[in-house]
**Student:** 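The structure is given below, and queries will be raised subsequently.
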Number of protein chains: 2
Amino acid sequence: MAEYPPFAVTADLVVLTVRADELSVLLVRRGVPPYEGAWALPGGFVGIDEDLPDAAVRELAEETGLPEPAGHLEQLGTYGHPGRDPRGRVVTVAWLALLPDLPTPVAGTDAAAAEWVPVTKVARGRLAFDHDRILGDGLERARAKLEYTPLATAFCPPEFTVAQLRAVYETVWDTRLDPRNFHRKVTGTPGFVEPVGRSTEGDRGRPAQLFRRGPATVLHPAMLRQHR
Amino acid sequence: MAEYPPFAVTADLVVLTVRADELSVLLVRRGVPPYEGAWALPGGFVGIDEDLPDAAVRELAEETGLPEPAGHLEQLGTYGHPGRDPRGRVVTVAWLALLPDLPTPVAGTDAAAAEWVPVTKVARGRLAFDHDRILGDGLERARAKLEYTPLATAFCPPEFTVAQLRAVYETVWDTRLDPRNFHRKVTGTPGFVEPVGRSTEGDRGRPAQLFRRGPATVLHPAMLRQHR
DNA sequence: TCCCCTTTTCGTCACTCAGACGATAAACAC
DNA sequence: GTGTTTATCGTCTGAGTGACGAAAAGGGGA
């Protein structure tokens, strides 16, 4: 293999969650050059004998301090512009993770200081490397996938109400949705959600039925939003 | 960078076209080990100073012998299982290209012997490396994208008729579509196609209006197919 | 206990859109 | 002309959605 150009390969993560009615991304503050002191996506180098998804899962566990709880993880894309890392030729495989709001603070084992940052507060052009663009692509992917997959449930705990699910859509899309039409849509789309059989108690208003995510992988019909 | 594990990075291409009413993929026969004599996706190593999209465009031009004509090119995904290449740790960034049927044979400059192979004739498990899986992912992506993007026009020449566009959908999806409903749908979706103002002549039947692709990047409403 | 407020859940109506299919238009072959 | 082929337009019906009314089911305070 010595005859082929040597690259370094990293795995970077766009980890999204919904907390306090805001879509937030997990960021770390870099403690070493380059971009020392700047915010960056969590990530790290892939081991020479390590599979790519394994590296993503490992980084996710290290940064969140949780042994791969619920949630969703998928490959987002690969970024390898020659000048993106001043240390040399580094190609990064970016991953998109969607998690329910974590009860534990995430400044866990390995990372210097991981923090949830509302995506509206991430200043454009402020992230290290090309992480600004990667984050943008991740947000776009997440917003699009809510339309035609049941992935919004990845932001919810194992059991949730229709209103919680609606709050996810409203937060990620930054829109308002009619509660009555949304309820009809969600409960009427086969395989989207399944009733648990119990209800909430102690909240304001009428108790709501609890659901868990259904077996569907794509939504038919889709949850369309206004594209203009 | 010597402290980081060295990877080789390649760019592999899933190049699709529609010819003779069949969805076909561009394959090369490997002339050197490993997998000598087996069919494989075209591709090659990324230069140490070469950007990833540039490598894909270069490989595409080399294999098709055409200087990036019309068509569409997008990143498909990255595959890097540790055992996928017996020569060492090779990570490949796969790209999906959709081209109109090329008038010239493609056994052009660089490739040993590039050939269009109907995807129905590609035996499962017969391709080198993990190219079987990459091809499968590419086909799935292409079929899905015809639903909600105007990408079917990438399979057509610059000017085309509604019937030609319908043939693309029917070939890629392997279904029959009603010509009257398809015509209404295509001409009624804003930005999908634009009339050129001229018509075909010399074919059988009534001459058909010529169209070119419109400015839309997503289709509203989408061209839905039956998913069951 | 009785109102008031909140939230969930069910219904209704009008409109859009897709599938099924009839009918007409415009070429060519004979 | 007649027949054949293909393109294009129209009509009807059922499904799905947005807008919105109304009832159900809890809690809190007078």
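Naming convention: chains lettered A, B, ... in sequence-line order (proteins, then strands); numbering from 1 in each chain.
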**Student:** Can you name the residues that form a side-chain hydrogen bond (donor to acceptor under 3.5 Å, both in side chains) with B:R184, not counting sequence neighbours?
**Tutor:** B:N181
**Student:** Report the end-to-end axis angle of the helix from C:dT1-D:dA30 to C:dC30-D:dG1; each axis comes from five terminal pairs, and the value is rounded to 10°.
**Tutor:** 10°
**Student:** What residues, two or more places apart in sequence or in another chain, satisfy salt bridge (charged side-chain N to carboxylate O under 4.0 Å, His left out) together with B:E140?
**Tutor:** none
**Student:** Roughly how far, to the nearest 0.5 Å, is the NE2 atom of B:H72 from the OG1 atom of B:T153?
**Tutor:** 9.5 Å
**Student:** Near DNA chain C, counting only heavy atoms under 4.0 Å, which residues of residues 176-186 of chain B show up?
**Tutor:** B:D178, B:R180, B:N181, B:R184, B:K185
**Student:** Round to the nearest Å and state the distance from A:E147 atom CD to D:dT17 atom P.
**Tutor:** 12 Å
**Student:** First and last nucleotide of DNA chain C touching chain A, 5' to 3', heavy-atom cut-off 4.0 Å?
**Tutor:** C:dT6 to C:dT12
**Student:** Show your reasoning for whether side chain to side chain contact (heavy atoms under 4.5 Å, CB included) applies to A:V162 and A:Q209.
**Tutor:** CA-CA 8 Å; A:V162 175; A:Q209 215 178 340; over 6 Å; no
**Student:** Supply the atom-to-atom distance B:T187 OG1 to B:F211 CZ, rounded to the nearest 0.5 angstrom.
**Tutor:** 6.5 Å
**Student:** With A:D130, which residues qualify under salt bridge (charged side-chain N to carboxylate O under 4.0 Å, His left out), at least two apart?
**Tutor:** A:R84
**Student:** List the residues meeting side-chain contact (heavy atoms from CB on, under 4.5 Å) with A:L177, not counting sequence neighbours, and say none if there are none.
**Tutor:** A:R166, A:Y169, A:E170, A:T175, A:F182
**Student:** Does the protein touch nucleotides 23-30 of chain D at the base, only the backbone, or not at all? Give it as B, S and - per nucleotide, heavy atoms under 4.0 Å.
**Tutor:** -BBS----
**Student:** Within the structure shown, what part of the strands sits under 4.0 Å from A:E201 by heavy-atom distance: base, sugar-phosphate, or nothing?
**Tutor:** nothing
**Student:** Between B:L224 and A:F211, who's closer to the 5' end of DNA chain C by nearest nucleotide?
**Tutor:** A:F211
**Student:** Please determine whether a side-chain nitrogen of the Lys or Arg among A:E115 and A:R29 lies less than 4.0 Å from a carboxylate oxygen of the Asp or Glu.
**Tutor:** no
**Student:** Name all residues meeting the salt bridge (charged side-chain N to carboxylate O under 4.0 Å, His left out) criterion together with A:E194; count only those two or more places apart in sequence or in a different chain, and write none if there are none.
**Tutor:** none
**Student:** Reading DNA chain D from 5' onward, which residue's closest nucleotide shows up sooner: B:Q164 or A:M223?
**Tutor:** B:Q164
**Student:** Looking at residues at least two apart in the chain, or sitting in another chain, which of them share a side-chain hydrogen bond (donor to acceptor under 3.5 Å, both in side chains) with A:T92?
**Tutor:** A:T10, A:D12
**Student:** Are the side chain of B:S24 and the backbone of B:V18 linked by a donor-acceptor contact shorter than 3.5 Å?
**Tutor:** no
**Student:** Mind checking whether B:L98 and B:T17 have side chains closer than 4.5 Å, heavy atoms only?
**Tutor:** no
**Student:** Of all residues at least two apart in sequence or in a different chain, which pass the side-chain hydrogen bond (donor to acceptor under 3.5 Å, both in side chains) check with A:D203?
**Tutor:** none
**Student:** CG/B:L210 to CD/B:Q164 distance, rounded to the nearest 0.5 angstrom?
**Tutor:** 7.5 Å
**Student:** Output the residues of residues 151-161 of chain B in contact with DNA chain C, where contact means a heavy atom of the residue under 4.0 Å from an atom of the strand; sort by number or write none.
**Tutor:** none
**Student:** Check whether any side-chain heavy atom of A:P53 sits under 4.5 Å from a side-chain heavy atom of A:W95, and report yes or no.
**Tutor:** yes
